[in-house]
Amino acid sequence: MYLIQNIHVYAPEDLGIRDVLTGGGKILKIGERLPAEKAYGVTVIDGSGKILMPGLIDAHVHILGGGGEGGARTRTPEIMLSDIISGGVTTVVGCLGTDGCTRTMSNLLAKAKGLEEEGITTYVYTGSYQVPVRTLTGSIMDDIILLDKVVGTGEIAVSDHRSSQPTKEEFARIVADTRVGGILSGKAGLVNIHMGDGGEKLEFLRYVRRYTQIPPANMLPTHINRSRTLMNDGIDYAKNLGGYIDLTTSSDPDFLEPDEVKASCGLKLALDAGVGEEQITFSSDGQGSLPVFYPDGTLKGLGVGKVSSLYREMRDAVMEDGVPLVKALRTVTSNPAALLKLPHKGRIAEGADADLVLADDKSLVVDTVLAKGVVMVSDGRTIVRGTFEAAP
Ligand code: FWO
Ligand code: ZN
């Protein structure tokens, strides 16, 4: 049990200075001057000069590694627990990308279970870039209904030279099956959509919005900030069709996409353009490859995404782009939690999971991270490592 005292709580709403009591992996009480009942083995954490935020949710992580666009030697490395937890992330959704052949759903599920056993909360999408979607049970609906960790489908590639070039009807069917799988299982039924540089941009999603009764919350197009053109199309889609847009926080200075928009800047642009603060999320593309291609389609080079970029871009939005902390925090806490239908995540509320981040209230540098009530980062150092990671 931990009693975090005298801390400025952002739930993400600003709750002011509070005490927060955790126990059994849950947030038990939020109040003022809660008694420190040491008798019950309560450990007190002094929160003065710090802020308390919900643990971050990263809805797009290649936990197995991804890549391969430059041949086998460019298959990116598998993620380790400390890559995730050091950046304040306590919940991830694992996905496959370009390579849905050597990266398999059974391997993805096993890695997600491994990370869960190591201390964080994990879910996965079924499928990869490719259409038809390669599932575990043979059907999208069955994967979502029968496999607890499967919350949706993705990352399905559209408007990209590496996609299967699906028809809009094929795309709509994937969204429909994912939605019904979600309805029948009480889960999100979210399709995570990989947006490439192709000219069609978000037309696939406009098709679904125009010709079906499927609501926008079943689709989350990511990499919206990969170009200014797509950023503008994403703002239009969000404002006129009530759609959700996801900005990728990983970027590689050696391999920048032409006219790539930094995620923190993209958030400012979208908010200033009038997009609702609940319509925008960040995700890291952690451990995914960040390839850049020449116009003729040959590979220029590639970097590797980092989960730690999620917190960095949220912090930059506040420190560099003047976005209010509450709005920046929503993109990595309550907004992904709502889209993923995870009511016990992404918020500081009694009964929610004790996934918490403490940071300095001036620098916003991460100080302490709790996942399911266990301290994993303390004084800025990762003190709980994955099974095969070097001892702290
Ligand atoms: C983006 C994941 C891309 C993998 O376009 O989609 O390739 O399979 O690991 N990454 N292909 C990166 C841009 C947004 C910069 C992926 C990658
Ligand atoms: Zn992608």
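Start at 1 and go down the list; that is how both ligands and their atoms are numbered.
The distance from ligand 1 to the heavy atoms of Pro291 drops below 4.0 Å at these ligand atoms: 3 (C), 7 (O). Applying the 4.0 Å criterion to heavy atoms of Gly66 picks out, from ligand 1, the atoms 9 (O). Residue Glu69 approaches ligand 1 through these ligand atoms, each under 4.0 Å from one of its heavy atoms: 11 (N), 17 (C).
A donor-acceptor contact under 3.5 angstrom links the side chains of Glu118 and Thr387, judged on distance only. Judged by distance alone, the side chains of Ser283 and Asp246 do bring a donor and an acceptor atom under 3.5 Å apart.
Of all protein heavy atoms, the one closest to atom 13 (C) of ligand 1 is Arg226 NH2, 3.8 Å. Of all protein heavy atoms, the one closest to atom 9 (O) of ligand 1 is Gly67 N, 2.7 Å. Taking atom 6 (O) of ligand 1 as the reference point, the nearest protein heavy-atom neighbour is Tyr129 OH, 2.6 Å. Here the protein heavy atom with the shortest distance to atom 1 (C) of ligand 1 is Asp285 OD2, 3.5 Å. Looking at atom 8 (O) of ligand 1, its nearest protein heavy atom turns out to be Thr98 N, 2.9 Å.
Heavy-atom proximity to atom 17 (C) of ligand 1, evaluated over Ser289, Gly288, Gly97, is greatest for Ser289. Comparing heavy-atom distances from atom 3 (C) of ligand 1 across His62, Arg103, Glu155, Arg162 singles out Arg162 as nearest.
For a threshold of 3.5 Å applied to N or O pairs, the pair formed by Glu257 and ligand 1 contains no separation below that value. Residue Asp160 places no N or O, backbone or side chain, under 3.5 Å from any N or O of ligand 1.
Backbone or side-chain N, O or S atoms of His60 do not reach the Zn ion (ligand 2) at under 2.8 Å.
Put simply, the side chain of Pro291 does not reach to within 4.5 Å of the side chain of Phe255, judged on heavy atoms. Counting only heavy atoms from C-beta outward, the side chains of His60 and His223 approach each other to under 4.5 Å. Residues Tyr311 and Val332 are not in side-chain contact: their nearest non-hydrogen atoms beyond the backbone lie 4.5 Å or more apart. By the 4.5 Å heavy-atom criterion applied to side chains, Ile79 and Leu115 are counted as neighbours.
Taking a 4.0 Å cut-off on heavy atoms, Glu260 fails to register as neighbouring ligand 1.
To the nearest 10 degrees, the angle centred on the Zn ion (ligand 2) between OE1 in Glu155 and ND1 in His194 reads 100°.
One finds a salt bridge joining Lys372 and Glu116 here, because a Lys/Arg side-chain nitrogen approaches an Asp/Glu carboxylate oxygen to under 4.0 Å. At a threshold of 4.0 Å, the pair Lys345-Asp353 counts as salt-bridged, since one of the basic side-chain nitrogens sits closer than that to a carboxylate oxygen.
At a heavy-atom distance under 4.0 Å, no atom of Thr76 approaches ligand 1.
The aromatic rings of His8 and Tyr10 lie parallel to each other, with less than 30° between the two planes, well short of the 60° mark. Aromatic ring pairs are classed by plane angle as parallel below 30°, tilted from 30° to 60° and perpendicular above 60°; the pair Phe171 and Phe204 is perpendicular.
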